[in-house]
Amino acid sequence: MRNLFRLGVLGSGKGSNFVAIADAIAAGKIPAEVAIVLSDVADAGILTHARDRKIPAQFVPPGKFRTKLDEEAERAFVEQLQAAKVDLIVLAGFMRVLKGDFLRAFEGRIVNVHPSLLPSFPGLAAWKQALDQGVKVTGCTVHFVDAGVDSGAIIGQQTVPVLDHDTAESLHQRIHAVEHELYPKCVAAIARGEISVQGRRVIWKK
Ligand code: GAR
């Protein structure tokens, strides 16, 4: 039997993107399996969603920093992901920046979803940044992860209009909805070997 493409999912929050990907796998839309889910937050919803689906899920203490993993935590994440033999790391609302050893261990094999049309509004609360800036169109981006903040090669983007009556919550909700369409499509294309990377450009072969 052919070995399925194995995903390692990392998240810090409620895990709706993980659910969208797990549902797409269950519906036969992504030729992959989620091998493991890890979180830096002990009571993160993403861990509960994974356990509900009988997927191995674990809290890994992030260590002494607020915005990145410390060395010991980084090692613990890498060890767990290597032991689970993952082919691709899928960041789904993982709110820490990944650094050196982690990136080297999985070079070119880490993807992230971000709630804006990058390179606009990298960093935190991108939907709020969009509202504050007064843009009329925002959206979401799926991209490879490199050493910068939300700066790697762009795999896919989907737009969302900013409406006059939008609040931070209503805009984030509509961005979330398009993330749930775009992220599974991008992960499916990677799992099928349908994309190639040429410098900053990601080419879809189909
Ligand atoms: C998503 O909107 C994702 O784009 C964002 O966190 C949310 C996680 O939601 N990620 C970032 O801002 C990363 N810079 P979820 O836990 O329901 O998937």
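Counting starts at 1 for both ligands and their atoms, in listed order.
- In this structure, atom 14 (N) of ligand 1 lies nearest to the protein heavy atom His114 ND1, 3.3 Å.
- With sequence neighbours excluded, no residue satisfies ring pair (Phe, Tyr, Trp, His ring centres under 6.0 Å) with Phe121.
- In this structure, the protein non-hydrogen atom closest to atom 9 (O) of ligand 1 is His176 NE2, 2.9 Å.
- Of the protein's heavy atoms, Gly15 N, 2.8 Å lies nearest to atom 16 (O) of ligand 1.
- Judged by distance alone, the side chain of Arg6 and the main-chain N or O of Val34 form no donor-acceptor pair under 3.5 Å.
- Between Ala126 and ligand 1 there is no heavy-atom distance shorter than 4.0 Å.
- Here the shortest heavy-atom pairing between Val90 and Tyr183 reads CG1-OH, 3.3 Å.
- A pairwise comparison of heavy atoms in Lys14 and His176 identifies CE-CE1, 3.9 Å as the closest pair.
- Heavy-atom contacts of Ser16 reach the following atoms of ligand 1: 15 (P), 16 (O), 17 (O), 18 (O) (cutoff under 4.0 Å).
- For Arg201 (side chain) and Ala153 (main-chain N/O), no donor-acceptor pair under 3.5 Å exists by modelled atom type.
- Taking atom 6 (O) of ligand 1 as the reference point, the nearest protein heavy-atom neighbour is Gly93 CA, 3.7 Å.
- At least one heavy atom of Val113 lies less than 4.0 angstrom from ligand 1.
- Nearest protein neighbour of atom 12 (O) of ligand 1, counting heavy atoms only, is Pro115 CD, 3.4 Å.
- In terms of polar-atom proximity, defined here as any N/O pair under 3.5 Å, Asn17 does make such a contact with ligand 1.
- Salt-bridge formation is detected for the pair Arg53/Asp23: a Lys NZ or Arg NE/NH1/NH2 atom is positioned less than 4.0 Å from an Asp or Glu carboxylate oxygen.
- Looking at Ser39, its side chain never comes within 3.5 Å of a backbone N or O of Leu47 through a donor-acceptor pair.
- Every N/O-N/O distance between Trp127 and ligand 1 stays at or above 3.5 Å.
- The shortest contact between atom 1 (C) of ligand 1 and any protein heavy atom is with Glu179 OE1, 3.2 Å.
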